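On a predicted model such as this, the values are computed, not experimentally measured, just so you know.
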Amino acid sequence: MNIKPLYQKTCFDQIDLDDLRFNLAPVDREGISDQLRDSVSRCGIIHPPLLTPKDHGKFTIVAGRQRLIAARQLLGNNFCNCLILPTETPPAILLTVALQDILLSRPASPLEKAICWQKAVDFLGRDIAEEEFGPQLELTRQLSPARLEKIQALDNDMQESLHQGGLELKTIFKLIDLDPADRKALFRIIKQLRLSSSNQRKLIDHCLELHRRQNRQITAILAQPECLEIINHNEANSPQKTAMLMTWLTGQCFPRLTEAAKEFRSLIGQLKLPKGVTLEHTPSFEKDNLKMTIDFKDQQQLAKKWPIIRQAIVAGNG
């Protein structure tokens, strides 16, 4: 369809900010970024918002909601220059415009894709939506319609964290199928400690391992006094709490490995290894073998020290 928008000065009072039919961002995101605030303050609206007429002289926002909010707050005018799309434009085309407005400047977030997918299904039905919007949303086995629908079912805090990058997509897929109480408990720790992507997955994997071994809810595992003491430590910062928490969880999951590591550290302390000498154990202490490494400044130092070292090794093997 050939769409010919009309560039038009539009009063803010005519624009229905509560009409979210084509809004692809979290519903309660009314704040504007510092970057947008600075841009609007300096130059006004460079990229005109897109509107479509509705009843009683009002307009629905198709794209540019944040720009409109910024203009209303910062410019001191009661109007904004907008592009008005024809009334007869089909909703699916308007949804495409809303999505493409995002894709012009950056990839759509998983949450924006999930919202767009649900709206496309509402407008077109599931089969046609997949045909029309599948390529635009770059649907894959990892980010399938079923998974997008599960993202839509998450609570607002988790959706916002995913949208802002606080929750990694792989983490979301691990959380989605958990008991709601367990999911909430894990998310609370991820948010409180601001865990990195790798630590998010490690936290969930360790908790799932303990859940399987102990047949206990994850909420009960994380409510243990030792865990709460770490999370609520008054003096430790977030990275320190994270390190302590991961150490504790590893100890809970692999007690024999943890004990072996403790004994190895004790041995290192007893040996009082001089500078330039290191001792290594086999991976996961699978064997009793140890490997000692000695650093030499140069060949001359090695040649000088080697007879003494060799004699000690031969004597030890005698």
Side-chain angles (χ1 to χ4, degrees), residues 109-111 114 141-144 146-147 150-151 153-269 279-288 290:
S109 74
L111 180 58
R141 182 177 299 178
Q142 182 190 36
L143 201 61
S144 63
R147 282 187 159 179
K150 287 184 177 181
I151 289 173
L154 293 172
D155 63 49
N156 289 340
D157 284 345
M158 287 189 194
Q159 288 185 353
E160 180 67 19
S161 185
L162 174 64
H163 186 64
Q164 295 296 333
L167 267 181
E168 207 226 19
L169 186 59
K170 290 181 179 178
T171 301
I172 282 290
F173 293 150
K174 287 177 178 289
L175 290 173
I176 274 176
D177 295 323
L178 295 180
D179 174 84
D182 289 343
R183 181 167 63 234
K184 187 174 182 179
L186 287 165
F187 174 65
R188 188 184 305 115
I189 292 176
I190 290 171
K191 187 175 182 180
Q192 181 177 339
L193 299 185
R194 300 188 293 277
L195 296 185
S196 66
S197 297
S198 60
N199 280 327
Q200 289 177 23
R201 295 194 295 273
K202 190 182 296 184
L203 169 68
I204 297 170
D205 289 343
H206 281 349
C207 287
L208 286 173
E209 179 69 20
L210 291 172
H211 167 68
R212 287 190 289 266
R213 289 188 185 188
Q214 301 176 1
N215 194 28
R216 299 172 67 196
Q217 289 295 109
I218 291 175
T219 49
I221 295 168
L222 296 176
Q224 293 181 75
E226 300 93 333
C227 182
L228 294 177
E229 184 178 350
I230 292 171
I231 295 170
N232 300 319
H233 198 291
N234 290 327
E235 298 178 2
N237 58 31
S238 290
Q240 291 168 335
K241 290 179 181 180
T242 299
M244 290 189 290
L245 178 61
M246 295 307 161
T247 299
W248 179 77
L249 285 170
T250 300
Q252 295 292 301
C253 288
F254 312 106
R256 285 184 290 184
L257 179 62
T258 303
E259 183 61 29
K262 182 179 178 182
E263 292 175 0
F264 182 75
R265 289 194 297 271
S266 177
L267 172 64
I268 295 291
L279 193 65
E280 299 178 37
H281 58 78
T282 57
S284 301
F285 298 95
E286 293 172 355
K287 298 180 181 179
D288 293 334
L290 297 172

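- With contacts defined as side-chain heavy-atom distances shorter than 4.5 Å, the pair Glu209/Leu249 does not qualify.
- The environment of CG in Asn237 is crowded: more than 12 heavy-atom neighbours from other residues, nucleotides or ligands sit within 6.0 Å.
- For the pair Leu193 and Asn199, the minimum side-chain heavy-atom distance is 4.5 Å or more.
- A distance of 9.5 Å separates CD1 in Ile231 from OG1 in Thr242, rounded to the nearest 0.5 Å.
- At a threshold of 4.5 Å between non-hydrogen side-chain atoms, the residues Lys174 and Arg201 count as touching.
- Residues Leu169 and Leu143 have side chains in contact (heavy-atom distance under 4.5 Å, counting atoms from C-beta outward).
- Under the 4.5 Å side-chain criterion, counting only non-hydrogen atoms from C-beta, Ile218 is in contact with Leu208.
- For Glu229, the CD atom counts as loosely surrounded, since its 6.0 Å shell holds 12 or fewer non-hydrogen atoms of other residues, nucleotides or ligands.
- To the nearest 0.5 Å, atom CG of residue Asn156 and atom OG of residue Ser161 are 12.5 Å apart.
- The nearest pair of heavy atoms linking Arg194 to Ser238 is NH2-OG, 3.4 Å.
- Looking only at distances, no side-chain donor or acceptor of Glu168 sits under 3.5 Å from a matching main-chain atom of Ser198.
- The NZ atom of Lys202 lies 12.5 Å from the OG atom of Ser197; values are rounded to the nearest 0.5 Å.
- Within a 6.0 Å sphere centred on NZ of Lys184, other residues, nucleotides and ligands contribute 12 heavy atoms or fewer.
- Between Asp155 and Arg183 there is no salt bridge, since no side-chain N of the basic residue sits under 4.0 Å from a carboxylate O of the acidic one.
- Residues Ile176 and Ile151 form a side-chain contact, since some pair of their non-hydrogen atoms from C-beta on lies under 4.5 Å apart.
- To the nearest 0.5 Å, the span separating CD1 on Ile204 from NZ on Lys170 amounts to 12.5 Å.
- Closest non-hydrogen pair, Phe187 versus Asp157, comes out as CZ-O, 3.7 Å.
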| said: Set out, in order, the CA-CA distance, both residues' side-chain angles and the distance that settles side-chain contact (heavy atoms from CB on, under 4.5 Å) for Leu186 and Leu222, then state yes or no. | reply: CA-CA 8 Å; Leu186 287 165; Leu222 296 176; 3.9 Å; yes
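- If you take CG on Leu111 and CG on Leu162, they are separated by 6.0 Å, rounding to the nearest 0.5 Å.
- Counting all heavy atoms, side chain and backbone alike, Leu195 lies closest to Ile189 at CG-O, 4.4 Å.
- Between Ile230 and Leu245, the closest heavy-atom pair is CG2-N, 3.8 Å.
- Between Thr219 and Asp182, the shortest heavy-atom contact is N-OD1, 3.0 Å.
- The only option from Gln252, Met246, Met244 that meets the side chain to side chain contact (heavy atoms under 4.5 Å, CB included) definition with Trp248 turns out to be Gln252.
- Closest approach of Arg216 and Ile221 over heavy atoms only: O-CD1, 4.1 Å.
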